[in-house]
Engineer: 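If you scroll down you'll find the structure; I have some questions about it.
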Amino acid sequence: MSRKNQTLGEFIIENQQAFKYSSGELSRLINSIRLAAKVVNHEVNKAGLVDILGAAGDTNIQGEDQQKLDVYANKKFIQTLTKRNIVCGIASEEEDDFIAINSQDENHGNKYIVLIDPLDGSSNIDVNVSVGTIFSIYRRVTPVGTAVTIEDFLQKGSQQVAAGYIVYGTSTMIVYTTGHGVNGFTLNPAIGTFYLSHPNMEFPADGKIYSVNEGNYIHFPQGIKSYIKYCQMEEGDRPYTSRYIGSLVSDFHRNMIKGGIYIYPKSSKNYEGKLRLLYECNPMAFIAEQAKGKASDGFNRIMDIEPTELHQRVPFICGSRNMVDKAEEFMRNARTLNS
Ligand code: AHG
Ligand code: MN
Ligand code: MN
């Protein structure tokens, strides 16, 4: 049951029974992400005051070192999840290795692990443009009560239990799925409460927006070059409109509402692609599929890729179903021509 204007807290409690293994643990986990999101939101909102309040590397009035926002966000999410004793492991884009929690305590019964991109679109911070946070939640595969291992983190995206993002935009929103559709909650900053503002979000099957960093055009594979030319062609409902913010979260969020496709292909500069499978592509793919959209590496479903390392990168094509189908068709055709 969901009603517009319901708070996120109420929504989590009322929907708890819908979870497969309903022990309340996942609800507590999403609750702590909500809490960390509010803290990070507060800091992100002050970013423009950095010259007044102190830049990264300075010491603030309490004698604490000022930190870059991506480092700050990383610390806040890890701290919140660790201190509340809610997860058994965390992996973050900002950390070289995964973090095992309570690994010395045989009695700890936590089942979930979290993978996180604490601040997505970090190059936009200094210019007052929307940034985000992306999170992905799995059940551990090793026995409860033991220390987590790399195996717990290298699971296919299809094993995700929940995934979501926070967009720090003109309003701050949390959008997430637990495998029962996608819901979006908007923060009322005056009272610090998220309200259900976008129930059952869905990608339109078709769209008119394409989002890609065209500055890299000459380095793209032929299939992507041809698809971009197709988007620009005068025919039917084309040419499409080009929109590229440079924060995956914000580009994805707009495309989900309006209909569109986001593309970060591999190129002769980034041979594997740029985006990270575990922190960015899998969670966004889970949300996309739950919202009737699609996510692919050009040939295969993102969530079927078997991860081999924590910081693995993959090409990413994601958005309205018919648009992603079309881009894949161009990729297949170019491969046939080259072989
Ligand atoms: P992050 O800030 O977490 O490193 O991610 C940035 C990502 C993604 O959000 C964005 O769409 C893309 O990198 C932008 O890359 P380009 O500047 O190469 O277009
Ligand atoms: Mn990112
Ligand atoms: Mn990041």
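Ligands are counted one by one from 1 in listed order, and the atoms in each one are counted from 1 as well.
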Engineer: One residue to check: S122. Relative to ligand 1, which of side chain, backbone, both or neither has a non-hydrogen atom less than 4.0 Å away?
Structural biologist: both

Engineer: Within ligand 1, which atoms have a heavy atom of S247 less than 4.0 Å away?
Structural biologist: 9 (O), 11 (O)

Engineer: Tell me, which protein residue and heavy-atom name are nearest atom 14 (C) of ligand 1, and how many Å apart are they?
Structural biologist: Y244 OH, 3.2 Å

Engineer: Which protein heavy atom lies closest to atom 3 (O) of ligand 1, and at what distance to 0.1 Å?
Structural biologist: D117 OD2, 3.1 Å

Engineer: Checking Q232 against Y210: is there a side-chain donor and acceptor pair closer than 3.5 Å?
Structural biologist: yes

Engineer: Out of curiosity, is L275 lining ligand 1, as in a heavy atom under 4.0 Å away?
Structural biologist: yes

Engineer: If the cut-off is 4.0 Å to any non-hydrogen atom of E280, which atoms of ligand 1 fall inside it?
Structural biologist: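 In order of numbering, the contacting atoms are 3 (O), 5 (O).
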
Engineer: May I have the angle between E280 OE2 and D117 OD2 with its vertex at the Mn ion (ligand 2), rounded to 10°?
Structural biologist: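 Result: 100°, to 10°.
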
Engineer: Between F252 and F203, is the ring centroid distance below 6.0 Å?
Structural biologist: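 Yes; F203 has its ring centre under 6.0 Å from that of F252.
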
Engineer: Only heavy atoms of L119, strictly under 4.0 Å: list the atoms of ligand 1 that pass.
Structural biologist: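 So the answer, numbered in order with elements, is 2 (O), 3 (O).
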
Engineer: Going by atom types alone, do N31 and R28 pair a side-chain donor with an acceptor below 3.5 Å?
Structural biologist: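 No, R28 and N31 have no side-chain donor paired with an acceptor closer than 3.5 Å.
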
Engineer: Are R301 and S158 close enough that a side-chain donor and a side-chain acceptor fall under 3.5 Å?
Structural biologist: no

Engineer: So which heavy atom in the protein is nearest atom 10 (C) of ligand 1, and how far is it from that ligand atom?
Structural biologist: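 So the nearest neighbour among protein heavy atoms is G246 O, 3.2 Å.
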
Engineer: Output yes if L119 passes the N/O/S-under-2.8 Å test against the Mn ion (ligand 3); output no otherwise.
Structural biologist: yes

Engineer: Under a 4.0 Å N-O cut-off, is there an ion pair linking K46 with E43?
Structural biologist: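 Answer for the salt bridge query: yes.
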
Engineer: Which heavy atom of the protein is the closest neighbour of atom 9 (O) of ligand 1, given with residue, atom name and distance?
Structural biologist: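 Scanning the protein heavy atoms, the shortest distance from atom 9 (O) of ligand 1 goes to D120 OD1, 2.6 Å.
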
Engineer: Within 45° of the six-membered ring axis of F316 and under 6.0 Å from that ring's centre, is NZ or CZ of K274 located there?
Structural biologist: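 Because its charged atom misses either the 6.0 Å distance or the 45° angle limit, K274 does not stack over F316.
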
Engineer: Show the atoms of ligand 1 that are less than 4.0 angstrom away from any heavy atom in N213.
Structural biologist: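 Numbered from 1, ligand 1 contributes 16 (P), 18 (O), 19 (O).
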
Engineer: For this output row, return yes or no: ring centroids of F98 and F153 closer than 6.0 angstrom.
Structural biologist: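 Under 6.0 Å, so yes.
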
Engineer: Is there a donor-acceptor pair under 3.5 Å between the side chain of R332 and the backbone N or O of R335?
Structural biologist: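 No.
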
Engineer: Output yes when the distance from some N or O of ligand 1 to some N or O of E93 is under 3.5 Å, and no in every other case.
Structural biologist: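 E93 vs ligand 1: N/O contact under 3.5 Å present.
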
Engineer: Who's the nearest protein heavy-atom neighbour of atom 1 (P) of ligand 1, and how far?
Structural biologist: G121 N, 3.7 Å

Engineer: Do Q79 and K76 pair up side chain to side chain, a donor and an acceptor below 3.5 Å, judged on atom types alone?
Structural biologist: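 There is such a pair between these side chains.
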
Engineer: Considering K269, R276, K274 one by one, which has a heavy atom nearer to atom 4 (O) of ligand 1 than any of the others?
Structural biologist: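 Shortest heavy-atom distance from atom 4 (O) of ligand 1: R276.
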
Engineer: Provide the number and element of each atom of ligand 1 under 4.0 Å from a heavy atom of L248.
Structural biologist: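 Here the atoms of ligand 1 in question are 8 (C), 9 (O), 10 (C), 11 (O).
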
Engineer: Which is closest to atom 11 (O) of ligand 1 by heavy-atom distance: Y264, Y262, F316?
Structural biologist: Y262

Engineer: Contact between Y279 and ligand 1, counting heavy atoms under 4.0 Å?
Structural biologist: no

Engineer: Could you verify whether a donor N or O on one side chain and an acceptor N or O on the other, from S136 and N282, lie under 3.5 Å apart?
Structural biologist: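 The answer is no; no qualifying pair exists.
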
Engineer: Can you find a non-hydrogen atom of D251 under 4.0 Å from ligand 1?
Structural biologist: no

Engineer: Hey, which of F194, Y195, F185 is the one that makes ring-ring contact (aromatic ring centres under 6.0 Å, His included) with F11?
Structural biologist: F185

Engineer: Taking the N/O/S atoms of D120 one by one, which is nearest to the Mn ion (ligand 2)?
Structural biologist: OD1

Engineer: Tell me whether K294 is salt-bridged to D325, with the criterion being a basic N under 4.0 Å from an acidic carboxylate O.
Structural biologist: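 Salt bridge between K294 and D325, a charged N being under 4.0 Å from a carboxylate O: yes.
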
Engineer: Taking the six-membered ring for Trp, is the centroid-to-centroid distance between F77 and F135 below 6.0 Å?
Structural biologist: no

Engineer: Output yes if E93 passes the N/O/S-under-2.8 Å test against the Mn ion (ligand 2); output no otherwise.
Structural biologist: no

